[in-house]
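The block underneath contains the structure these notes are about, expressed in structure tokens.
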Amino acid sequence: MTGENKTRVAAIADIHIAETDKGKWVEFFTDVSKNADVLVICGDLTDTGDESEAHILVDELKSCSIPVVGVLGNHDHEKNRHKLIRQIVQNHPNVHILDGEAVVIAGIGFAGVKGFGGGFDNHMLSMFGEGAMKAFVQEAVEEALHLDRALARLDQDHNNIKKIALMHYSPIKETVLGEPEQIFPFLGSSRLAEPLLRRNVEVAFHGHAHIGVLEGSIAGKVKVFNVAKHVLKKSGYARPYFIYEI
Ligand SMILES: [Fe+2]
Ligand SMILES: [Fe+2]
């Protein structure tokens, strides 16, 4: 906690833990534990979606003494072992991996989903045409629904709780700018933005767009940060985490 009773939330995404990363994250987790009260990790915990990488992450997390809230990313799904990865990482007593769920830490509500693509604003894909296209859109619709439910649960169970949302995919176009425009539909979906706005979320964190930009907002009301490790580095953060005080 800071002097004004605020909680320092550190956020990062796209850590892509690989076989060669043994011991390389100890310094990061030690440092972030000194400078924040909660750590948020927005997906792509592993590089190739292999459970061996999840085991390495759990080992590295031994140096982390603050609670960790995370979501999985598309890389964690690559080998269809995402359930196992979630299990392994959650075995650490201080780690919560959210997939349409919420958790309250230090009086703050955290809701998390992976999210999905589909594009933004007027160029958002609609439920039309081939079955495969509809299935693609349906995935985004469901992820937005799960996010909404997780946020609703926080509101039901806690009066006037401050809410933070985490997802891997972006809810807005603004924070993926810099990526090739051709791949915007695969970087996020505006469908994720609607529940964030309606449920008065204070801040949303995401990753996935490695060459996007750090800061954006939904209608000037919900702050959105792309905390992909690569974006933080490019934005001049010597330590690769972003601190938000709430
Ligand atoms: Fe990534
Ligand atoms: Fe990703």
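Order of appearance sets the numbers: ligands from 1, and atoms from 1 within every ligand. Every value quoted in this text rests on a predicted model; they were computed, and no experiment measured them.
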Three-point angle H208:ND1, the Fe ion (ligand 2), N74:OD1, rounded to the nearest 10°: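 ND1 of H208, the Fe ion (ligand 2) and OD1 of N74 span an angle of about 100°.
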At less than 2.8 Å, would any N/O/S atom of H75, backbone or side chain, sit next to the Fe ion (ligand 2)?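 So H75 does not bind the Fe ion (ligand 2) by this criterion.
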For F120, what residues pass the ring-ring contact (aromatic ring centres under 6.0 Å, His included) criterion, not counting sequence neighbours?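 Checked F120 against ring-ring contact (aromatic ring centres under 6.0 Å, His included); zero matches.
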Salt bridge or not for [X] and [Y], using N-O below 4.0 Å?
X	Y	result
D50	R81	yes
K134	E130	no
D148	R199	yes
D14	K229	no

Which angle, to 10 degrees, forms at the Fe ion (ligand 1) with NE2 of H16 on one side and NE2 of H210 on the other?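 H16 NE2 and H210 NE2 form an angle of 100° at the Fe ion (ligand 1).
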Taking just the N, O or S atoms of D14, which one is nearest to the Fe ion (ligand 1)?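 Restricting D14 to its N, O and S atoms, the minimum distance to the Fe ion (ligand 1) goes to OD1.
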Atom name of the N, O or S atom in D44 that lies nearest to the Fe ion (ligand 2):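 Checking each N, O and S atom of D44, the shortest distance to the Fe ion (ligand 2) belongs to OD2.
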